[in-house]
Amino acid sequence: MEPSDTRKLPLISVVVPVFREATEIRGFLAAVRNQLKESGAGYELVVVDDGSPDESWAAITAEAQSDPNLRALRLSRNFGKESALCAGLEVARGDAVIVMDADGQHPPTLIPELLRQWQLSGADIVEAVKVRRGRESISSKLGALLFYELLNKLSGFQFKGASDFKLMNRKAVNAWLQMPERNVFFRGMTVWMGFKTVQVPFEVGPRSAGQSAWSAIKRLKLALVGITAFSSFPLHFVTLAGGIFLIVSVVLGVQTVYLKLAGRAVSGFATVILLELVIGSLLMISLGVIGEYLARIYEEVKCRPRYVVMESINPDDRR
Ligand code: UDP
Ligand code: MG
């Protein structure tokens, strides 16, 4: 225990999830280290190798030889970026924790600004916000736009422009760690916590090398996690649609009985087919919606760990 009257320098942790970044990771870590050293604070780099099939772990090990402040975890397989982030946040010890991507799209040169804002504003979270989304395919831009609009409407939280590049103080990290869910949506969960947040704009640069590891399917899955985790509106929609159909069916029912009694119940074949089709597809979509939530609940009740660590460098004493 240090005596409490000497003012300690804050310890800054930088958490970096890594997947297939073998060629880039060393340069990136060097750049981050430079920024942190200049800031004068104590620092640690927490690198989480998310089961990269390439030489990423070898590069991290080599880097650790020259830097005692580097700590690393190697997950046993690819658990996905969100799980890798969980692993990193759980072991990070800093008074402030910066989370960033290893591919150079989150510029290390922004780190001093994040630290400055943290110290000046006294905010719990300093969020780097994308002012431009960088070079992306039109489909992924459109997808992101649609997703954020939808999520915003459904959940009532403002997620637009949110990125995974942010600084959280100890209070925010501890609060975040209290969320035990398996369906992790980092961006959403930090917004949900509702701490005092300040924003720092930045431009997303091009990837320094390699390709984004996020396929369209992976993005869609994350979008589904985001929506199901932050809104139960789709479930209410099922009920709403059922209600509307009940009203329509009463009206149609009365009409049918009336025509029957009046002895005029002959035509109406098209109506039957259409109703059959509409109700059939609505039922199936409804089942699907319920299934999505059921799947999430199933994943949660299994209570499996969010990730499995295979190897580590300078692991936390607590583990
Ligand atoms: N990443 C990860 N696990 C994955 C996919 C990505 O840890 O399964 C890491 C990757 O190494 C990078 C960050 O997450 O540091 C962002 O990934 P990427 O650049 O591929 O995503 P994008 O910028 O296209 O959203
Ligand atoms: Mg990227």
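A quick note: this is a predicted structure, and the numbers were derived from the prediction, not measured. Just so you know, ligand 1 is whichever comes first in the structure, and atom 1 is the first atom listed for that ligand.
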- Part of D101 with heavy atoms under 4.0 Å of ligand 1, whether side chain, backbone, both or neither: both
- Query: Does K218 have a non-hydrogen atom less than 4.0 Å from ligand 1?
  - Reply: yes
- Measure the distances from the heavy atoms of E82 to every atom of ligand 1 and state whether one is below 4.0 angstrom. no
- Task: Could you list who else is in L120's hydrophobic cluster, with ILVMFWY side chains joined at under 4.5 Å, directly or through other members?
- Result: none
- Query: Does a donor on one side chain sit under 3.5 Å from an acceptor on the other, for T228 and E292?
  - Reply: no
- Does Q105 approach ligand 1 within less than 4.0 angstrom via side chain, backbone, both or neither, non-hydrogen atoms only? side chain
- Message: Would you call the rings of F165 and H106 parallel, tilted or perpendicular, taking 30° and 60° as the class edges?
- Response: parallel
- Item | side chain to side chain contact (heavy atoms under 4.5 Å, CB included) assessment of D164 paired with E82 | CA-CA 10 Å; D164 289 346; E82 312 292 309; 4.1 Å; yes
- Could you tell me the residue and atom name of the protein heavy atom closest to atom 24 (O) of ligand 1, and the distance to it rounded to 0.1 Å? S212 OG, 2.7 Å
- Side-chain heavy atoms under 4.5 angstrom apart, residues restricted to Ile, Leu, Val, Met, Phe, Trp, Tyr: same cluster for V91 and M310? no
- Query: At under 4.0 Å between heavy atoms, which part of N78 makes contact with ligand 1: side chain, backbone, both or neither?
  - Reply: side chain
- Query: Does Y148 have K141 sitting over its ring (NZ/CZ under 6.0 Å from centre, angle to axis within 45°)?
  - Reply: no
- Task: Show which atoms of ligand 1 fall inside a sub-4.0 Å distance from at least one heavy-atom site of G80.
- Result: 3 (N), 8 (O)
- Query: How far is atom 1 (N) of ligand 1 from its nearest protein heavy atom, and which residue and atom name does that atom have?
  - Reply: F19 CB, 3.6 Å
- Query: Considering only heavy atoms of E21, which atoms of ligand 1 have at least one such atom less than 4.0 Å away?
  - Reply: 10 (C), 11 (O), 12 (C), 15 (O)
- Query: Is atom CD1 of I138 surrounded by more than 12 heavy atoms (other residues, nucleotides or ligands) closer than 6.0 Å?
  - Reply: no
- Which residue and non-hydrogen atom of the protein lie closest to atom 19 (O) of ligand 1, and at what distance in Å? D103 OD2, 2.4 Å
- Considering only protein heavy atoms, which is closest to atom 4 (C) of ligand 1, and at what distance to one decimal place? D50 OD2, 3.4 Å
- Query: Starting from atom 20 (O) of ligand 1, which protein heavy atom do you reach first, and at what distance in Å?
  - Reply: A213 N, 2.9 Å
- Option set E24, K81, R219, H106, criterion heavy-atom distance to atom 25 (O) of ligand 1, minimum: R219
- Are there any protein N/O/S atoms under 2.8 Å from the Mg ion (ligand 2), and if so, which? D103 OD2, Q105 OE1
- Query: Within 45° of the ring axis of Y298 and under 6.0 Å from its six-membered ring centre, is that where the NZ or CZ of R296 lies?
  - Reply: no
- Query: Should P17 be counted as touching ligand 1, given the test is an N or O pair under 3.5 Å?
  - Reply: yes
- Query: What protein heavy atom sits nearest atom 17 (O) of ligand 1, and how far away is it?
  - Reply: W214 NE1, 3.5 Å
